[in-house]
2 protein chains.
Amino acid sequence: MREKADSDLVRRQNRLLLLEALRQHGSLARVEMGRHTGLSPASITSISSQLIADGILQEAGEAASPAEMPHRRGRPLTQLAINPKSAHVVAVKVSIDGIELALADGSGAILSRRRSRTSTYEADPRAFGKLVADEVAALLAKPRVAARRVARIGIAVQGVADSKAGTVVWSPAFRTRNIAVSAAVQDSLGIPCNIANDANMIAEGLIGIDRARYGGTAAVVFMGYGVGMGLIINGQVYHGPTGAAAEFGHMNHLPDGPLCRCGRRGCVEAYAADYSLLRWASGEAATRPPSFNAIPEEDMLALEAAARRGEASAVAAYAKAGEALGFGLARLIAILTPSRIVLAGPGTRAMELIEPHLKRAIEAGVVDELRRNVEIETVPIDTDMIIKGTIDRALRHVDREIFAYGPLERRGRELEHIA
Amino acid sequence: MREKADSDLVRRQNRLLLLEALRQHGSLARVEMGRHTGLSPASITSISSQLIADGILQEAGEAASPAEMPHRRGRPLTQLAINPKSAHVVAVKVSIDGIELALADGSGAILSRRRSRTSTYEADPRAFGKLVADEVAALLAKPRVAARRVARIGIAVQGVADSKAGTVVWSPAFRTRNIAVSAAVQDSLGIPCNIANDANMIAEGLIGIDRARYGGTAAVVFMGYGVGMGLIINGQVYHGPTGAAAEFGHMNHLPDGPLCRCGRRGCVEAYAADYSLLRWASGEAATRPPSFNAIPEEDMLALEAAARRGEASAVAAYAKAGEALGFGLARLIAILTPSRIVLAGPGTRAMELIEPHLKRAIEAGVVDELRRNVEIETVPIDTDMIIKGTIDRALRHVDREIFAYGPLERRGRELEHIA
DNA sequence: ATCATTTTTTTGGACGCCGAAATAAAACAA
DNA sequence: TTGTTTTATTTCGGCGTCCAAAAAAATGAT
């Protein structure tokens with residue numbers, strides 16, 4: 001309730017309502033839009049014809065209701081869908097072992113992909129923005145897409161990203177800190193760009209998949225090369241005041257605990273990330289500086305196998321991870337009482353080894369009354385969810401900041417606010 | 001962006017905008033409202049005259065700008081203010097040692113107070129709703145106010161309150177759990193009623209005092225008979241999905257730590273609440289069940305004096321409290337990176353004893369990058385802030401759910417949603 | 001008294017939504 | 001085939017809100 005309301009706002013909001021309904025259902029007839037939005041048929045006609053004139057909507061093929069509704073009677077429904085050519089967006093995923101890109105059209109369909117094995121860790125951080133820009137330019141060459149038609153670039157990065165400043169504050173993918181990215185990409189290509197934490201993008205992806213399930217207040221914990229978290233508060237992914245929030249992995253579990261990649265001691269990640277599990281199992285001192293190299297999947301599979309065979313050191317490693325995760329979640333529950341906690345990522349492969357300890361820790365760490373309302377689920381997420389979430393987020397931004405106002409050519413006010 | 005927009009929504013929103021501006025500034029002339037809201041003079045005239053006709057606004061005396069602006073020229077400003085008679089609200093504060101009530105008018109001014117020393121701990125929990133209703137009825141007898149003119153009752157309670165269900169889930173003020181309150185009060189008096197955690201009400205009060213300072217993302221920690229927290233996220237006090245959130249005091253600090261009043265071990269409260277400090281200092285076993293009696297202020301003053309004299313056991317007690325609070329805050333920062341943390345309550349009297357340990361713990365517990373942007377301040381809050389916050393919250397609710405639609409007589413839709 | 005200045009109200013136009021009626025496009029029935 | 005029924009969409013007229021511009025109100029300055 002901050003903005004002044006006028007007829008302009010009304011149209012904008014209702015356009016957005018229509019677009020949101022379409023994003024969720026793929027394609028809808030006008031009557032159905034009316035049901036979803038509460039708008040009258042007259043208004044739907046008015047708004048949708050304007051959106052069609054803007055090139056944002058188009059009549060869709062009969063793709064929608066094939067057999068389910070065998071056309072009872074009356075005038076048939078005219079399905080409308082978002083015009084794939086209304087805009088494009090690019091998703092970029094930066095991780096320890098390289099850069100991955102995807103180009104999507106206005107409907108969210110991925111048109112092409114690209115992957116580069118460049119090691120970012122040793123590279124000159126000042127050149128990184130340029131590197132990303134070049135990769136994007138190469139991506140746009142294959143199915144030739146004019147940069148002018150790309151509405152937005154979203155970058156997902158491991159570690160702490162400051163989306164306000166457009167920088168990577170700290171990431172295991174880089175040796176140095178505070179690396180400016182957004183501005184460089186934006187200046188180089190003329191395309192608005194924003195950067196965010198990768199776990200947050202998984203949360204965006206889950207919202208896109210099932211808004212009813214993940215749209216309330218939920219935490220998505222990613223276990224793998226690190227431990228990340230995306231926080232959904234009232235249906236919105238939470239980016240703190242600085243745009244760098246929800247560093248669950250670097251929440252302290254125990255004072256003077258094992259050394260973490262971030263330099264502190266006792267972080268949850270230092271118990272439960274890939275490197276931590278291996279460190280526990282190997283019997284190395286927990287104060288030994290951890291490796292920054294990407295850990296091969298085989299190593300983790302071997303560790304899991306060892307634990308399943310009952311090898312004590314491996315079993316103990318998972319127990320320690322489970323306990324740290326459990327107490328971490330207990331603390332999270334005490335603060336936010338989310339209605340759902342989603343455990344995701346490669347680390348969940350060993351869930352049956354972790355779970356008993358995790359559950360016990362939660363029971364010890366939080367009063368029954370608070371714990372009772374939270375549902376914990378494990379979702380085997382393929383890492384592509386990060387790309388999907390980044391695309392979803394970019395498109396939602398385009399809807400809100402551009403399409404609610406008009407066609408891409410007349411970019412709305414493009415506030416670059418909250419980002 | 002959930003609601004369908006139409007001319008109705010526009011008026012509602014702009015009415016609310018005006019009311020919010022008035023709440024913040026006390027009284028404003030129409031031109032000034034225009035500046036604050038961005039609305040045209042024509043619209044301001046239209047909206048304000050409607051609000052005056054509804055009995056919500058009235059012309060205010062010259063109270064506003066006395067000397068500062070010695071009336072340069074032109075037509076003088078007509079100050080408008082919220083009509084005190086537009087509605088009344090009641091605030092109820094339930095604590096270990098009794099019930100405290102206040103009646104406020106539509107402008108937020110407190111008209112009368114009442115206090116009762118009834119011990120709630122041993123009383124029949126089923127009768128508690130009736131007890132509150134009777135107290136409210138007695139409060140409304142002194143300056144005779146018709147229940148029909150009371151728009152809302154807000155109840156603040158120590159411990160976990162479920163504002164959705166209208167119950168006290170768990171509180172040190174009650175022996176039993178899940179005590180229904182809201183419904184009983186509402187049925188008995190016919191006045192909408194909601195219940196919330198007391199620390200959240202302090203947060204509401206701070207927002208009322210200085211929106212610019214506390215309106216972003218902040219945590220308000222209350223230290224006293226217990227440790228509570230109110231969480232402000234994007235300018236709104238956070239009530240979780242169940243309405244029972246931010247139980248910072250019952251966030252675990254260390255597994256197998258001291259026994260807490262909630263029955264768990266290692267809660268922050270079990271280190272830093274009044275009873276915990278006394279327990280540390282007395283050298284009692286930390287596994288001894290803590291007392292549920294209210295602790296007299298003298299005992300705490302004596303403990304502070306002892307610590308200031310350098311008595312080892314007292315000094316150590318504050319050190320332990322500081323460490324637990326510090327690590328708790330470090331964990332909170334890792335999850336939410338609030339831009340401000342406010343320490344408040346009687347416990348802050350001994351802040352200089354606690355602070356060094358608290359600071360050290362935060363430094364050990366969270367990476368510099370996240371810690372850098374959070375400002376920690378101590379506010380010596382008199383406990384009346386809870387009453388003030390409860391009134392503020394009730395009035396904000398009245399503005400949003402009633403006055404935005406029309407006068408009190410034609411109560412808006414009174415959704416009782418989020419509550 | 002008249003002019004200048006500032007605030008507030010009035011007036012007329014634009015835009016968006018809605019309900020109702022009209023139109024369109026089918027299936028069904030004779 | 002032709003009319004009837006049904007459902008979807010568009011058109012039309014009315015209403016409410018906002019805004020810009022003009023008018024009115026209220027006071028200080030000259």
Side-chain angles (χ1 to χ4, degrees), chain A residues 3-18 21 27-54 57-60 62 64-66 68-81 404-406, chain B residues 1 3-18 21 27-54 57-60 62 64-65 68-81 404-406:
Chain A
E3 211 181 341
K4 169 194 75 167
D6 54 17
S7 66
D8 219 53
L9 174 86
V10 170
R11 204 10 108 77
R12 208 157 63 229
Q13 170 129 343
N14 288 337
R15 275 172 77 113
L16 187 54
L17 235 46
L18 230 70
S27 87
L28 288 173
R30 291 179 177 75
V31 248
E32 297 169 320
M33 292 177 186
R35 273 194 290 275
H36 284 293
T37 59
L39 291 161
S40 73
S43 306
I44 299 283
T45 290
S46 165
I47 296 169
S48 62
S49 57
Q50 202 181 69
L51 285 169
I52 290 169
D54 286 347
L57 254 55
Q58 66 178 183
E59 290 206 359
E62 309 300 315
S65 48
E68 18 147 355
M69 276 281 159
H71 223 243
R72 297 184 312 282
R73 231 180 203 242
R75 180 172 173 171
L77 301 144
T78 339
Q79 297 289 333
L80 296 180
Y405 294 85
Chain B
M1 282 291 187
E3 213 181 339
K4 167 193 78 168
D6 54 18
S7 65
D8 221 53
L9 174 86
V10 170
R11 205 10 107 78
R12 209 157 62 229
Q13 169 129 343
N14 288 337
R15 274 172 79 114
L16 187 54
L17 234 46
L18 232 68
S27 87
L28 288 174
R30 291 179 177 75
V31 247
E32 296 169 321
M33 292 178 187
R35 274 194 289 276
H36 283 295
T37 60
L39 291 162
S40 74
S43 306
I44 299 282
T45 291
S46 164
I47 295 169
S48 62
S49 57
Q50 203 181 68
L51 284 169
I52 290 170
D54 286 346
L57 254 54
Q58 66 178 183
E59 291 206 358
E62 310 299 315
S65 47
E68 21 149 350
M69 275 281 159
H71 222 243
R72 300 183 310 283
R73 235 190 205 229
R75 181 172 174 171
L77 301 142
T78 340
Q79 296 289 332
L80 296 180
Y405 294 85

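Within every chain, numbering begins at 1; the chains are lettered A, B, ... in the order of the sequence lines, protein sequences first and strands thereafter.
Across all their heavy atoms, B:Lys4 and A:Gly38 have their closest contact at CD-O, 3.2 Å. The two atoms that bring B:Ser48 and B:Leu80 nearest to each other are CB-CD1, 3.8 Å, heavy atoms only. Shown here for A:Ala404 and A:Leu16, the closest heavy-atom pair between the two residues is CB-CB, 4.5 Å.
Side-chain contact check for B:Glu3 versus B:Gln13: every heavy-atom pair is 4.5 Å or farther apart.
The separation between B:Leu77 atom CG and D:dT27 atom C1' is 12 Å, rounded to whole Å. The separation between A:Arg30 atom CZ and C:dT23 atom P is 19 Å, rounded to whole Å.
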Restricting to nitrogen or oxygen on both sides, can you table the protein-nucleotides 18-22 of chain D pairs closer than 3.5 Å?
from   : atom 1 : to      : atom 2 : distance (Å)
D:dC18 : OP1    : B:Asn14 : ND2    : 2.8
D:dC18 : OP2    : B:Arg11 : NE     : 3.2
D:dC18 : OP2    : B:Arg11 : NH2    : 2.8
D:dC19 : OP1    : A:Lys4  : NZ     : 3.3
D:dC19 : OP2    : B:Ser40 : N      : 3.2
D:dC19 : OP2    : B:Ser40 : OG     : 3.0
D:dC19 : OP2    : B:Ser43 : OG     : 2.3

Sugar-phosphate or base contact per nucleotide [nucleotides 1-6 of chain D; S, B, -; heavy atom under 4.0 Å] = ----BB
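Residue B:Thr78 has a polar side-chain atom (N or O) positioned under 4.0 Å from OP1 or OP2 of C:dT8.
Partners of B:Ala29 under the side chain to side chain contact (heavy atoms under 4.5 Å, CB included) rule, at least two apart in sequence or in another chain, are B:Val31, B:Glu32, B:Leu77, B:Gln79. Residues meeting the salt bridge (Lys or Arg N to Asp or Glu O under 4.0 Å) test with B:Arg15, sequence neighbours left out: B:Asp54. Taking the side-chain hydrogen bond (donor to acceptor under 3.5 Å, both in side chains) definition, one finds that A:Ser7 meets it with nothing, sequence neighbours left out.
Partner A:Met33 forms a side chain to side chain contact (heavy atoms under 4.5 Å, CB included) with one of A:Ile47, A:Thr45, A:Leu28 and no other, that one being A:Leu28.
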Starting from the C-alpha separation in whole Å, work towards a yes-or-no answer on side-chain contact (heavy atoms from CB on, under 4.5 Å) for A:Gln58 and A:Ile52.
-> CA-CA 6 Å; A:Gln58 66 178 183; A:Ile52 290 169; 6.0 Å; no
Evaluation steps, side-chain contact (heavy atoms from CB on, under 4.5 Å), between A:Leu9 and B:Val10 | CA-CA 8 Å; A:Leu9 174 86; B:Val10 170; 5.6 Å; no
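In the helix from C:dA1-D:dT30 to C:dA30-D:dT1, the terminal helix axes, each the rotation mapping four pairs' C1' atoms onto the next four within five end pairs, subtend 30°, rounded to 10°.
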